[in-house]
Protein chains: 2
Amino acid sequence: MKYIEKLRNSGLRPTKQRLQICEVLFDTESTFHFTINQLEQRIKSKIDNKISLATIYNTVHAFEKKGYLKQIPINSNQTYFDTNVTDHHHFYDLKNEKLIDLENSDVGPINIKRKINGKKIKSIEVLVKLED
Amino acid sequence: MKYIEKLRNSGLRPTKQRLQICEVLFDTESTFHFTINQLEQRIKSKIDNKISLATIYNTVHAFEKKGYLKQIPINSNQTYFDTNVTDHHHFYDLKNEKLIDLENSDVGPINIKRKINGKKIKSIEVLVKLED
DNA sequence: TTGCTAGTTTATAATGGTTCTAAATAAGTG
DNA sequence: CACTTATTTAGAACCATTATAAACTAGCAA
């Protein structure tokens with residue numbers, strides 16, 4: 001299994017559940033956005049055994065902390081995650097509530113001119129809201 | 001009262017509660033960011049009578065819809081609002097969970113090169129996360 | 001293999017922000 | 001004043017997320 005090493009290297013035990021969640025998240029043709037609920041459905045349809053909701057939350061948070069997932073800052077009652085952890089941005093279609101990746105090259109360089117004393121920039125995220 | 005006209009013009013009846021909330025939100029030296037909970041506290045300390053939490057929610061949403069308030073896209077368990085409705089962006093200090101305004105001139109022009117068929121851009125919001 | 005230890009999973013309860021409900025109240029209008 | 005419609009309100013309901021604590025499992029050393 002290709003994810004065993006990856007997990008072990010980041011200090012996470014490669015449990016059956018985590019490996020199965022890895023498959024659902026990362027054995028895909030393209031990256032995707034999801035809420036915990038959507039991920040739960042996806043897991044249900046691809047995996048025979050049950051994985052508890054608590055484990056899904058735990059795993060997603062563990063993966064996010066390790067940098068395998070990114071949270072997308074957006075105002076919604078549910079939290080959105082992205083399996084695309086490269087530096088990029090998002091369109092958010094307000095009508096369909098759908099996220100669309102915006103490559104860095106589609107946005108151009110963002111140069112933050114202001115500095116805050118004693119703080120450094122961890123990330124810069126652009127959200128472009130779309131309407132009809 | 002200077003807010004009576006403003007409310008009436010946008011189709012909102014100028015009730016006592018709404019006028020009081022206007023004072024708390026807009027009779028300030030500078031704009032500010034708030035959660036509903038913080039606003040509730042601020043109201044409690046500035047107003048003699050009680051305004052129910054449901055009314056605060058109703059009013060904030062009504063004001064947002066009319067463009068008197070902006071929601072700030074950020075991943076938090078609570079929704080953040082901004083009384084600064086001009087086109088601008090935010091720093092978010094992860095340690096203190098504090099928002100800081102970032103003027104448009106501090107970010108520079110953002111030119112979204114990609115177009116989505118049949119959609120137009122409603123807003124562009126930049127969130128710059130800060131760490132120590 | 002066998003224990004041991006720390007990490008993980010799990011069902012379920014608890015939490016907490018937000019929305020809903022339905023009755024009381026207040027504003028606008030003729 | 002009478003009537004209609006909007007608004008306020010307390011409290012219940014909702015629902016995503018987190019906490020709990022017991023059962024289980026991986027890793028490791030003897």
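All chains are named by letter (A, B, ...) in the order of the sequence lines, taking the proteins before the strands, and each is independently numbered beginning at 1. Keep in mind it's a predicted model, so treat the numbers as computed, not measured. Note: hydrogens, waters and symmetry copies are ignored here, and every other heavy atom, side chains too, is used.
Within 6.0 Å of NZ on B:Lys113 lie more than 12 heavy atoms contributed by other residues, nucleotides or ligands. The number of heavy-atom neighbours closer than 6.0 Å to CD of A:Glu103, taken from other residues, nucleotides and ligands shown, is above 12.
Remark: B:Lys98 fails to qualify as a cation-pi partner of B:Phe91 under the 6.0 Å distance and 45° angle criteria applied to the six-membered ring. Remark: A:Arg42 qualifies as a cation-pi partner of A:Phe32 under the 6.0 Å distance and 45° angle criteria applied to the six-membered ring.
Within the 4.0 Å cut-off from OP1 or OP2 of C:dT19, not a single side-chain nitrogen or oxygen of B:Tyr57 is found. Residue A:Gln17 places at least one side-chain N or O under 4.0 Å from the OP1 or OP2 atom of C:dT10. Not one side-chain nitrogen or oxygen of A:Ser52 sits closer than 4.0 Å to the OP1 or OP2 atom of C:dT9.
With B:Arg18 contributing its side chain and B:Arg13 its backbone, the two residues share a donor-acceptor pair below 3.5 Å.
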Protein and nucleotides 27-30 of chain C: nitrogen or oxygen contacts under 3.5 angstrom:
| from | atom 1 | to | atom 2 | distance (Å) |
| --- | --- | --- | --- | --- |
| C:dA27 | N3 | B:Arg13 | NH1 | 3.2 |
| C:dG28 | OP1 | B:Arg8 | NH1 | 2.7 |

Report each atom pair, protein N/O against N/O of nucleotides 20-24 of chain C, whose distance is under 3.5 angstrom.
none

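Across the helix from C:dT1-D:dA30 to C:dG30-D:dC1, the helix axis at one end is tilted relative to the axis at the other end by 30° (nearest 10 degrees, each axis from five pairs).
With sequence neighbours excluded, the residues satisfying salt bridge (charged side-chain N to carboxylate O under 4.0 Å, His left out) with A:Lys95 are A:Asp132.
Put simply, chain A comes within 4.0 Å of DNA chain D, heavy atom to any atom, from D:dA16 to D:dG27, going 5' to 3'.
Using a 4.0 Å cut-off between charged side-chain N and carboxylate O, A:Lys2 and A:Asp27 make a salt bridge.
Nearest heavy-atom pair across B:His33 and B:Ile72 is CD2-CD1, 3.5 Å.
Of the residues near DNA chain C, B:Thr35 and A:Thr55, the one whose nearest nucleotide (by heavy atom distance) lies more toward the 5' end is A:Thr55.
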**Report entry** From CA spacing to verdict: salt bridge (charged side-chain N to carboxylate O under 4.0 Å, His left out), A:Glu125, B:Lys129
**Finding:** CA-CA 8 Å; A:Glu125 295 168 273; B:Lys129 289 188 184 165; 3.5 Å; yes
Query raised in the report: Does the pair B:Glu64 and B:Lys70 meet the rule for a salt bridge (charged side-chain N to carboxylate O under 4.0 Å, His left out), with working shown?
Result: CA-CA 6 Å; B:Glu64 194 214 349; B:Lys70 259 173 64 170; over 6 Å; no
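Distance, A:Glu40 CD to C:dT10 C1': 13 Å, rounded to whole Å. Counting to the nearest Å, the P atom of C:dT10 and the CZ atom of A:Arg18 are 11 Å from each other. Here the C1' atom of nucleotide C:dT10 and the CD1 atom of A:Ile21 are 13 Å apart, to the nearest Å. Spacing between atom NZ of A:Lys50 and atom C1' of C:dT10 amounts to 8 Å, rounded to whole angstrom units.
A:Val85 is not connected to A:Val24 by any chain of hydrophobic side-chain contacts under 4.5 Å among Ile, Leu, Val, Met, Phe, Trp and Tyr, and they are in different clusters. B:Ile43 and B:Phe63 fall within the same hydrophobic cluster, defined by Ile, Leu, Val, Met, Phe, Trp and Tyr side-chain heavy atoms under 4.5 Å apart, directly or through other members.
Partner A:His88 forms a side chain to side chain contact (heavy atoms under 4.5 Å, CB included) with one of A:Asp106, A:Asp82, A:Asn104, A:Val126 and no other, that one being A:Asp82.
There is a side-chain donor-acceptor pair under 3.5 Å between B:Tyr68 and B:Ser10. A:Thr35 and A:Asn37 are not linked by any side-chain donor-acceptor pair at a separation below 3.5 angstrom, with hydrogens and angles left out of the test. Side-chain N/O atoms of A:Gln20 and A:Asn49 include a donor and acceptor closer than 3.5 Å.
Residues from residues 61-84 of chain A that place a heavy atom under 4.0 Å from any atom of DNA chain C: there are none.
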